[in-house]
Amino acid sequence: MACGVMFIMIIFARFLEHLPGSGDRWFLCQVLDRKPERERSSKWFVTEEEFGGSAYPLYCGGWAYVTTVPTVSPVLAWSYSMPYLWVDDLHVTGVIPASKGGVALYDWGYNFLNHHRHYR
């Protein structure tokens with residue numbers, strides 16, 4: 001177990017070397033580029049009233065993401081003036097930031113097992 005944790009820390013440290021400073025606005029995550037699910041039987045079904053666009057802004061998958069206080073603070077403040085969207089990851093990391101010009105997204109998605117064919 002300790003070896004696995006060490007491996008994760010080494011990979012994470014490599015990502016941090018390439019990110020902007022802790023005072024900047026960014027998310028490190030598995031970046032998703034999706035369209036709204038309009039099939040009623042889907043767990044992720046979203047009505048036109050909930051989200052009227054034909055494509056979501058880029059957003060972070062909810063398994064894990066890393067960010068900074070200078071990112072979280074304005075996103076929280078902006079959220080008070082926006083209608084709530086129940087797809088929380090999309091709402092917090094995509095819709096809210098996109099409404100205010102965006103927040104940088106850094107993709108570390110390849111490190112999630114769902115990206116690797118032999119784990120599907």
Side-chain angles (χ1 to χ4, degrees):
M1 179 80 169
C3 183
V5 171
M6 183 60 73
F7 178 72
I8 290 170
M9 295 305 293
I10 291 169
I11 290 174
F12 188 66
R14 285 186 189 164
F15 275 103
L16 292 178
E17 291 173 5
H18 302 286
L19 293 172
S22 61
D24 296 320
R25 294 181 184 165
W26 51 267
F27 287 104
L28 172 66
C29 60
Q30 180 179 20
V31 177
L32 301 177
D33 185 5
R34 304 256 167 92
K35 295 180 180 179
E37 179 58 59
R38 301 298 189 203
E39 179 60 44
R40 288 194 177 275
S41 62
S42 171
K43 172 183 176 179
W44 302 110
F45 170 70
V46 174
T47 67
E48 291 278 341
E49 292 77 30
E50 291 172 313
F51 186 88
S54 62
Y56 291 140
L58 295 178
Y59 69 100
C60 294
W63 345 99
Y65 41 89
V66 177
T67 190
T68 63
V69 171
T71 305
V72 172
S73 295
V75 169
L76 178 61
W78 298 333
S79 72
Y80 293 115
S81 64
M82 301 220 31
Y84 176 71
L85 178 61
W86 66 270
V87 185
D88 54 344
D89 305 319
L90 167 62
H91 187 60
V92 171
T93 65
V95 173
I96 294 171
S99 75
K100 301 296 182 180
V103 167
L105 300 178
Y106 294 90
D107 193 5
W108 69 338
Y110 187 75
N111 293 287
F112 289 88
L113 293 180
N114 67 324
H115 257 275
H116 299 271
R117 189 171 299 169
H118 58 281
Y119 287 109
R120 291 185 188 168

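All heavy atoms count here, side chains included; hydrogens, waters and symmetry mates do not. Everything quoted here is computed from the prediction, not taken from an experiment.
- For the pair Asp89/Tyr65, a side-chain contact is recorded, criterion being any heavy-atom separation below 4.5 Å from C-beta on.
- Contact annotation: the side chain of Phe27 approaches that of Thr71 to within less than 4.5 Å [non-hydrogen atoms, C-beta and beyond].
- Cys29 SG to Tyr59 OH: the interatomic distance, rounded to the nearest 0.5 Å, is 10.5 Å.
- Across Thr67 and Val72, no two heavy atoms sit closer than the pair CG2-CG2, 3.6 Å.
- With rounding to the nearest 0.5 Å, the separation of CD in Glu50 from CG in Leu90 is 11.0 Å.
- Rounding to the nearest 0.5 angstrom, the gap separating the CG atom in Leu32 from the OG1 atom in Thr93 is 8.0 Å.
- Across every non-hydrogen atom of Gly53 and Pro36, the tightest pair is O-CG, 3.5 Å.
- Ion pairing of Arg38 with Glu48 is present here, as a side-chain N (NZ or NE/NH1/NH2) and a carboxylate O approach within less than 4.0 Å.
- Interatomic distance, Phe45 CZ to Glu39 CD, rounded to the nearest 0.5 Å: 8.5 Å.
- Separation of atoms OH (Tyr56) and CG (Asp33) is listed at 12.0 Å; rounding is to 0.5 Å.
- Here the closest heavy-atom approach between residue Pro57 and residue Ala98 is recorded as CB-CB, 3.8 Å.
- At a threshold of 4.5 Å between non-hydrogen side-chain atoms, the residues Thr68 and Arg25 do not count as touching.
- For the pair Trp86/Trp44, a side-chain contact is recorded, criterion being any heavy-atom separation below 4.5 Å from C-beta on.
- Pairing each heavy atom of Val66 with each of Trp26, the nearest pair is O-CZ3, 3.7 Å.
- Trp108 and Gln30 share no side-chain donor-acceptor pair at under 3.5 Å.
- The shortest side-chain heavy-atom distance between Val46 and Val87 falls under the 4.5 Å cut-off.
- Using cut-offs of 30° and 60° for the angle between ring planes, the Tyr84 and His91 rings count as perpendicular.
- The shortest non-hydrogen separation linking Pro97 to Trp78 is CA-CZ3, 4.0 Å.
- What you find for Met82 and Ile96 is that their closest heavy atoms are SD-CA, 3.9 Å.
- At a threshold of 4.5 Å between non-hydrogen side-chain atoms, the residues Ser73 and Val75 do not count as touching.
- A distance of 12.5 Å separates CG in Leu85 from OG in Ser79, rounded to the nearest 0.5 Å.
- Side-chain contact check for Pro70 versus Asp24: every heavy-atom pair is 4.5 Å or farther apart.
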